[in-house]
Amino acid sequence: MQNPLFIALDFNHRGKRRQFLEHFQDEQIDVKVGMELFYREGVKVIEELKDAGHEIFLDLKLHDIPNTVNRTMRVLAEMEISMVNVHAAGGQVMMEAAIEGLEAGTRPGKERPKLIAVTQLTSTNEEMLKQQLHIEGSLESVVCSYAQLAKEAGLDGVVCSAKEVPLIQKGCGADFLTVTPGIRRHTDHHGDQIRVVTPAEARALGSWGIVVGRSLTTVNDPLHVYKEMNADWKGVALR
Ligand code: C5P
């Protein structure tokens with residue numbers, strides 16, 4: 001997987017999900033399966049997407065006691081997906097337990113799924129951090145210390161806003177993966193995302209991978225928009 005553009009398959013209906021993917025039959029796309037789709041369709045959707053040749057980021061954002069996360073990660077590793085995640089707010093021991101679980105569940109000869117941590121959701125702003133979560137310190141400093149904690153726990157990277165990538169790379173090194181949602185074209189609605197950038201801006205900021213949801217899932221011609229956004233992401237001319 002090199003600089004993936006994960007399409008967030010945020011659908012609550014198998015028919016709608018299949019109809020959406022039909023647009024991409026001649027395109028090798030990487031996909032993100034989130035809670036909505038996974039809770040609706042279960043492990044069968046993973047099998048179907050793997051059979052169709054997609055790399056899968058299973059975005060279930062685990063956040064529980066270390067033992068539960070460890071055991072759950074064993075189960076997820078057996079699904080042979082490419083990437084999974086946890087909330088860094090679960091703490092270092094939980095993240096270490098997650099890695100151990102993934103390693104234990106990876107079949108011999110197979111690659112362990114990459115594990116990344118959510119630092120702060122891209123829908124969070126500083127006011128929420130202070131007033132609702134009672135976390136002092138700037139959003140940036142919280143994101144950076146969560147990223148460092150994730151690195152110390154042995155994780156491969158973090159989910160974060162593209163705007164935070166330069167700071168995270170400064171603290172954790174350029175090879176620490178950064179996967180960034182909150183991606184929009186200039187003309188798109190932001191929805192509930194507060195910290196948004198375009199694919200080209202994400203590339204310029206140093207994101208390793210991006211996640212695009214509603215900009216693709218709510219348009220009439222997703223293939224065209226995908227090609228446009230992917231070209232913008234890769235910094236190449238539109239084919
Ligand atoms: O529709 P949109 O492009 O905003 O979708 C972004 C996707 O990335 C959603 O599936 C959302 O759950 C996910 N995500 C996020 N922020 C994070 C982690 C995941 O928006 N910090």
Do [X] and [Y] have side-chain heavy atoms sitting under 4.5 Å apart?
X	Y	value
Y226	L5	yes
D30	F57	no
P222	V219	yes
M95	E152	no
P199	N230	no
Q120	L133	yes

What do the steps show when you test L121 against H87 for side-chain contact (heavy atoms from CB on, under 4.5 Å), and what is the final call? CA-CA 9 Å; L121 296 173; H87 270 285; 4.0 Å; yes

Would a distance-only check, ignoring hydrogens and angles, find a side-chain to backbone donor-acceptor pair under 3.5 Å from [X] to [Y]?
X	Y	result
R107	E78	yes
R40	H13	no
Q169	G206	yes
N85	L60	yes

Over all atoms of both residues, closest heavy-atom pair of [X] and [Y]:
X	Y	result
I183	A202	CD1-CB, 3.9 Å
A162	P166	O-CD, 3.7 Å
V142	G137	CG2-O, 4.3 Å
I168	F176	CG2-CD2, 4.1 Å
L149	A88	CD2-O, 4.3 Å

Quick one: list whatever passes side chain to side chain donor-acceptor pair (under 3.5 Å) with [X], sequence neighbours left out.
X	answer
T119	none
D10	none
H224	E228
S82	E55

Are [X] and [Y] connected in the hydrophobic side-chain network, where two residues link if heavy atoms are under 4.5 Å apart?
X	Y	value
I46	L21	yes
L102	V33	yes
Y39	V31	yes
W233	L205	yes
V165	V196	no

Between [atom1] on residue [X] and [atom2] on residue [Y], distance to nearest 0.5 Å:
X	Y	atom1	atom2	answer
E127	L139	CD	CG	12.0 Å
E136	S141	CD	OG	10.0 Å
I56	M1	CD1	CE	10.5 Å
K44	L49	NZ	CG	13.5 Å
I29	I7	CD1	CD1	4.0 Å
F38	M79	CZ	CE	4.0 Å

Candidate list V118, L155, V159, test side-chain contact (heavy atoms from CB on, under 4.5 Å), partner V86, passing option: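 Checked V118, L155, V159 against V86; only one passes side-chain contact (heavy atoms from CB on, under 4.5 Å): L155.
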
Listing request: all ring pair (Phe, Tyr, Trp, His ring centres under 6.0 Å) pairs with a residue in residues 108-165, at least two apart in sequence or in separate chains. none

Keeping to residues at least two apart or across chains, list the side chain to side chain donor-acceptor pair (under 3.5 Å) pairs with something in residues 201-210.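 Side chain to side chain donor-acceptor pair (under 3.5 Å) check on residues 201-210 returns T180-S207, T198-E201.
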
Validation: residues 109-117 side-chain donor-acceptor distances under 3.5 Å, sequence neighbours left out:
{"from": "R112", "atom 1": "NH1", "to": "D156", "atom 2": "OD2", "distance (Å)": "3.0"}
{"from": "R112", "atom 1": "NH2", "to": "D156", "atom 2": "OD1", "distance (Å)": "3.4"}

May I have the step-by-step check of side chain to side chain donor-acceptor pair (under 3.5 Å) for N70 and R74, ending in yes or no? CA-CA 7 Å; N70 177 284; R74 283 172 197 240; 3.2 Å; yes

Report the residues that fulfil salt bridge (Lys or Arg N to Asp or Glu O under 4.0 Å) with [X], sequence neighbours left out, ordered by chain and then residue number.
X	answer
K234	none
E48	R17, R18
E126	K130
K16	none

Checking side-chain contact (heavy atoms from CB on, under 4.5 Å) for the pair R185/D232: CA distance, chi angles, key distance, verdict? CA-CA 10 Å; R185 293 177 299 166; D232 196 39; over 6 Å; no

If you apply the rule side-chain contact (heavy atoms from CB on, under 4.5 Å), what do you find for R214 with R184, and how did you get there? CA-CA 9 Å; R214 285 162 288 183; R184 294 287 183 274; 3.2 Å; yes

Taking salt bridge (Lys or Arg N to Asp or Glu O under 4.0 Å) as the cut-off, I'd like each qualifying pair that reaches into residues 57-67, sequence neighbours left out, listed once.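 Only K32-D59, D59-K61 qualify under salt bridge (Lys or Arg N to Asp or Glu O under 4.0 Å).
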
Just do the side-chain contact (heavy atoms from CB on, under 4.5 Å) check on T178 and V158 with the steps written out, would you? CA-CA 5 Å; T178 48; V158 286; 4.3 Å; yes

Students often mix this up, so state it plainly: with edges at 30° and 60°, are the rings of F20 and F11 parallel, tilted or perpendicular? tilted

